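No experiment lies behind these values; they were computed from the predicted model shown.
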Amino acid sequence: MARYDPKVVEPKWRAAWAEAEVFRAGTAPDRPKYYALEMFPYPSGRLHVGHARNYAMGDVIARFKRARGFDVLHPMGWDAFGLPAENAAAEHGVEPLAWTRDNIAVMREELKRLGLAIDWSREFATCDLEYYGRQQALFLTLWKRGLAYRKEGVVNWDPVDMTVLANEQVIDGRGWRSGAAVERRKLTQWFFRITDYADDLLEGLKTLDRWPDRVRLMQENWIGKSRGLRLTFALAGDGGGEGVSVYTTRPDTLFGASFLAIAPDHPLAERLAAGDGGVAAFIARCRAGGTSAAEIETAEKLGFDTGLKVFHPLDTNKKLPVWIANFVLMDYGTGAIFGCPAHDQRDLDFARKYDLPVLPVVLPPGENPAAFHVKQEAYLGPGRLYNSGFMDGLDVEAGKAAAIARVEAAGRGEGATVYRLRDWGVSRQRGWGCPIPVIHCGACGLVPVPEADLPVRLPEGLDFSQPGNPLARHSGWKHVRCPNCSGPAERETDTLDTFVDSSWYFARFTDPWAREPIGKTAAGAWLPVDQYIGGIEHAVLHLLYARFMTRALKDEGLLTVAEPFAGLFTQGMVTHETYRRQNGEWVEPSAVEVQPEGATRRAVIAATGEPLIIGDSEKMSKSKRNVIAPAAIADLYGIDAARLFVLSDSPPDRDVQWTSAGVEGAWRLINRIWAEFDAPAPGIDVSEDQVGAAAELRRATHRAIKAVTEAIEGFRFNSAVARLYEFVATLRRRPADRAGPGLLAARREGLSALARLVAPFAPHLAEECWARLGEPDMIARAPWPDYDPALAESDEKLLPVQINGKRRGEVRAPAGASDDEVRRLVLGDPDLGRRLEGLTVRKMIVVQDRIVNLVTG
RNA sequence: GGGGACGUGGCGGAACCGGUAGACGCAGCGGACUUAAAAUCCGUUGGCCGCAAGGCCGUGAGGGUUCGAGUCCCUCCGUCCCCACCA
């Protein structure tokens, strides 16, 4: 009996797959298409088992669908622009391109070692000129369509690194890399007009029935649609102009307004600041405030009374003061609010601080108008309007409608829909990204780089040693002639946010050889992605940007679908225990020995015996030194064991804790499976009834096929692996292989099914088993086993019998037995009869093939 | 502050539609093989009572609906995630 040796078997089959190009997509036009995709990795340098789990999941789907008769597209590439390469360049003086290419080379080999069913012929990196050059063409397309534009906006500015930071790069008000307090700065930046699609993106969520509810909800909240009233308050006195436009979702509380508040960035505030040092100083004070959650939580409400007054739009006898307030945001609504302190907590806090009137206008049910007062808590609940003129007596909803109607009739405003979603700022002051293909000409303004001059190539030899944008510092690159007037001009030195790179790569994969950015025929044939797999951390940003880009490209006629990802699965992480020395230094798991000690365990450094502190199981990270590399596992047990383990121990959308004992369990399974194929005929139990044994084995086989198939389809890989364990245990019991053609055939059927059921999880092992069965072709090309539903069911059921809901016995009944049959069996059962002595059966509930419950009086 | 998810043995988890709670794995315990150990194999393992047959309890806590609740409803406790001065 030959021991299974993954070190020999695994490379052999990987070479065979590559040689035969089994995973090449688009080779079977008669088959339906299936596009399986995992979010492509950032080439950070090393693969860890978290990657392995992510790609193993996609691989199970890809291999399963291939076996089920689909022409599967399962590509791989690299999300290759980004900061780590610049950091490496700054710290070690290496070119970002060289650093990235080296990392890709290492990670590609590591990925290949996972034995993934990937069409490697389609591989590309976003830092390839062939990719980002075409992205520049797409940028110009968006610009032409009015979906890209420049505007002055307030951005997160890192004063040390001298660059704009995305919101997600600001952690607790500080730059994630420099640690410097982030400033809010006004800068002219490029934006994508994602807000044009706000409603469409929201509506589209309803069609994504194979997305997790949680992700759809997060996107819905992020888009943040609200219905309300936009109205203008006319300024009293001179200097009035057009008045102040305000947005509210509570027009019903209009009569409770006691002040107007505008954002510090509001044009009116800036106009006032120009002539008043006090205003200017207040605005500066507001800008200094941090944006972290903690700071917002504790931030004091600050206000500045401008001295201006506005008329109440529904009651011109009433004038309201205009304040500048730090809690009003310029980029939501109109950047101005009316304050109704009685029914908004923030307004109330503000009113109490600055001694402004609090007039309740919604009377809670059961309250007396004379007795009801708002003290320190605003009233947000339902009720009847009062103190509200023509709206008195209406409920909140009717009041909203009435107020909107009246304001519209008076020509002072209109019902409006407002979204929380903001346009996507895509400018980055970075040197390692896709250059924005635009030229600034003193005479002609913004000029697109002509198509013939594309791509705009990143220059080599950029200086990353200083903070700021190396493209802007580069001596020659930015100086060009204007394509229009041939006068001296400058290139745009901002590069595109790397989220732009990842918002169309899935379309490029369908035809990476296309001359144009997107090969329309291939994209039309392959998209949408049938199953997309990736981390929950992209629930909003990447997944929303990709949905926007797909819509924009559809409107341009380049794509035929609006939704890029028909199915989405968000996988959990792989975690590992952390170990640290008494002095706090982290120790990597390979140096640690963990021993049981009573009910708990103790960890020591294996070499020295030095005791360690066992920490929580956490996401693998370099800083905590708890990273496990798949290669290390492959050396010990083979990559199939690692694949099996990361898929088996937890549901795929939950985190899984990596343990060496767990991998050893998977390794045991591999050896047990191999033993069945390697030694097909020992172990005889002659006393067994062979006909019965064959039937039982066939039942187990068809049951296993059914269970594993359904588990894979339902993304319950952990359950699928559990069913494999069970099935192998059944085969191992090995009733009698010696004689009886029925039994030998049943066993052969079982082994053939087993190999194919195992194949998505442990593909190398499966190939070896398949070959051992004498199959001439590879299992990678074999069809998924079918099951016979009749065979998967047993013809006799063991029905538990409950008396008053407690299990008290059981009866054997033929499958599908009628209520009456079961009744007779239950009443005729001597054990149950004894239990029912002295009791009257009032009711008998029979659930076919499942359970019986007797209710006694 | 708003929104959401989840609480099941020593551990990871299973139970898909309300129908035998704890599948499968890990760890533990007992045994076989071995001079011995490792590996492997067999058995066993929710708690309590009992020699046994068997009984009682049990899915965070409390209540409800139902013949029947881990699953549905209400209240509470705990953990985690997302968003957040969003008008």
Any side-chain donor near an acceptor of the partner, Thr856(A) and Asn804(A), under 3.5 Å = yes
Watson-Crick and G-U pairing of RNA chain B written in dot-bracket, each distance under 3.5 angstrom, with | for inter-strand partners = (((((((..(((......[....))).(((((.......))))).((((....))))..(((((..]....))))))))))))....
Inter-nucleotide C1' distance (A61(B), G12(B)), Å rounded = 25 Å
Any Arg250(A) side-chain nitrogen or oxygen under 4.0 Å from OP1 or OP2 of C86(B) | no
Cation-pi, Phe350(A) ring and Lys301(A) (6.0 angstrom, 45 degrees) | no
Would you check if Asn221(A) and Met218(A) make a side-chain contact, meaning some heavy-atom pair closer than 4.5 Å?
-> no
Could you tell me whether the phosphate oxygens of C57(B), OP1 or OP2, come under 4.0 Å of any side-chain nitrogen or oxygen in Lys806(A)?
-> yes
Pair of N/O donor and acceptor under 3.5 Å linking C6(B) base with Arg654(A) side chain | no
Integer-rounded Å distance: A69(B) P and Asn804(A) CG = 11 Å
Please measure how far the P atom in U45(B) lies from the corresponding atom in C29(B), and state the result in whole Å.
-> 16 Å
Quick one: which protein N/O atoms are closer than 3.5 Å to N/O atoms of nucleotides 21-24 of chain B? Pair and distance per line, please.
unit_1 : atom_1 : unit_2    : atom_2 : d
A23(B) : O2'    : Arg723(A) : NH2    : 3.3
A23(B) : O2'    : Glu726(A) : OE2    : 2.5
A23(B) : N3     : Arg723(A) : NH2    : 3.2

Can you tell me, in whole Å, how much space there is between the P of U66(B) and that of C16(B)?
-> 23 Å
So, is Arg420(A) close to the A84(B) phosphate, meaning a side-chain N or O under 4.0 Å from OP1 or OP2?
-> yes
Taking the same atom, P, in G62(B) and in C57(B), what whole-Å distance lies between them?
-> 14 Å
Could you tell me whether Lys706(A) and Glu710(A) have a side-chain N and a carboxylate O separated by less than 4.0 Å?
-> yes
For Arg346(A) and C86(B), is the shortest distance between a side-chain N/O and OP1 or OP2 below 4.0 Å?
-> yes
Contact under 4.0 Å: Arg668(A) side-chain N or O vs C26(B) OP1/OP2 = yes
For nucleotides U20(B) and C80(B), find the distance between their P atoms and express it as a whole number of Å.
-> 34 Å
Atom pair distance, as rounded to whole Å: NZ in Lys843(A) and P in C67(B) = 5 Å
